[in-house]
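The structure under discussion appears below in the form of structure tokens.
Below, read A as the first sequence line, B as the second, and so on, with proteins coming before strands; counting in each chain starts at 1. These numbers come from the heavy atoms of this one structure, side chains and all, not from hydrogens, waters or symmetry mates.
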Amino acid sequence: QQQVKQSPQSLIVQKGGISIINCAYENTAFDYFPWYQQFPGKGPALLIAIRPDVSEKKEGRFTISFNKSAKQFSLHIMDSQPGDSATYFCAASMSRRGSGTYKYIFGTGTRLKVLA
Amino acid sequence: DSGVTQTPKHLITATGQRVTLRCSPRSGDLSVYWYQQSLDQGLQFLIQYYNGEERAKGNILERFSAQQFPDLHSELNLSSLELGDSALYFCASSPIDSLEAFFGQGTRLTVV
């Protein structure tokens, strides 16, 4: 129930194409779903996040689509660029009043390579 | 730069030894989280502290312990080290009542 399943494990996209990464969760108590981007040798950096009360959130070229009934969410990277080549992690968390977010449960990561 | 500082960046030590990893959270953040990232296990939650108190525990080994000090910095202590403990250890912090967690650059631990 605590798992977050992420796919695909790796993804190769041509420059200008759309990258799509999918995640699924079981625990309906999760109420915060961030996506993190990690470059080699660096820590994960928050890219975009969504709460389950909305079905889509867009920030620049990055969009999260959220399907509450299916317990799935996905990251879409439009007009993918070589600089987007990184590992992407989805995560799920439960909020707790007064102490910030609860622990993140991370997906296993997707290694994205965008070809020039 | 996330504002979370971890030291050291790299650490090489022998099996059986003990090491301490240090984390300074972002200014004002009361929550500190420790995660372990290994090739085969991904990012695994170890432990969370909030304003000096342990708040949540993950799959943290008994050989590992952590604490958060009054100035809010945190230390992760790893003892009786084994080869399998080699990994990247990340610290993250979040402000009160915020769902965002900000990660440091990590400490790469190599046990030989």
Side-chain angles (χ1 to χ4, degrees), chain A residues 1-10 21 23 27 29-54 57 59 64 66 73 86-111, chain B residues 1-7 9-10 21 23 25-26 28-60 66 68 72 88-108:
Chain A
Q1 270 234 328
Q2 289 291 319
Q3 280 189 325
V4 175
K5 295 182 180 178
Q6 183 172 346
S7 63
Q9 191 173 2
S10 62
I21 304 171
C23 284
N27 191 340
F30 288 141
D31 61 359
Y32 179 68
F33 302 89
W35 283 90
Y36 279 81
Q37 179 188 56
Q38 185 179 27
F39 292 104
K42 302 293 185 183
L46 179 65
L47 194 60
I48 187 173
I50 198 168
R51 298 291 298 269
D53 51 348
V54 297
K57 183 175 181 180
E59 288 183 5
I64 299 179
F66 189 85
F73 58 109
T87 300
Y88 292 81
F89 293 93
C90 63
S93 181
M94 291 173 274
S95 56
R96 295 199 307 184
R97 182 179 298 279
S99 63
T101 189
Y102 191 52
K103 63 183 180 182
Y104 285 175
I105 304 299
F106 280 93
T108 48
T110 295
R111 187 168 293 185
Chain B
D1 183 5
S2 66
V4 178
T5 304
Q6 289 188 248
T7 57
K9 285 188 170 51
H10 303 276
L21 313 183
C23 169
R26 297 184 333 147
D29 286 359
L30 299 180
S31 275
V32 170
Y33 313 79
W34 286 97
Y35 289 84
Q36 180 190 56
Q37 185 177 37
S38 55
L39 281 175
D40 57 344
Q41 294 288 324
L43 275 157
Q44 299 288 317
F45 170 73
L46 295 178
I47 197 165
Q48 178 197 3
Y49 276 82
Y50 176 78
N51 202 19
E53 294 185 0
E54 183 184 303
R55 188 58 67 101
K57 225 170 184 176
N59 296 324
I60 187 167
Q68 186 179 27
L72 301 178
L88 269 167
Y89 291 85
F90 287 104
C91 166
S93 73
S94 68
I96 187 170
D97 281 339
S98 170
L99 298 175
E100 295 185 26
F102 298 87
F103 283 75
Q105 298 288 300
T107 294
R108 181 175 293 280

For this session: Check the angle between the aromatic planes of Phe106(A) and Phe103(B) and answer parallel, tilted or perpendicular using the 30° and 60° thresholds.
Result: perpendicular
Exercise. Have Gln9(A) and Thr108(A) got a donor and an acceptor in their side chains that come within less than 3.5 Å?
Worked result: no
Seminar exercise, completed: Cut-off 4.5 Å, heavy atoms of chain A, and the answer for Leu43(B) is both
Exercise. So which part of Gln44(B) gets closer than 4.5 Å to some heavy atom of chain A, the side chain, the backbone, both or neither?
Worked result: neither
Problem set entry | Main-chain N/O of Ala49(A) paired with Glu100(B) side-chain donor or acceptor, under 3.5 Å | no
For this session: Answer yes or no: is there a donor N or O on one side and an acceptor on the other, between the side chain of Gln38(A) and the main chain of Thr87(A), under 3.5 Å?
Result: no
Exercise. Given a strict heavy-atom distance threshold of 4.5 Å, which part of Pro34(A) is in contact with chain B: side chain, backbone, both, or neither?
Worked result: neither
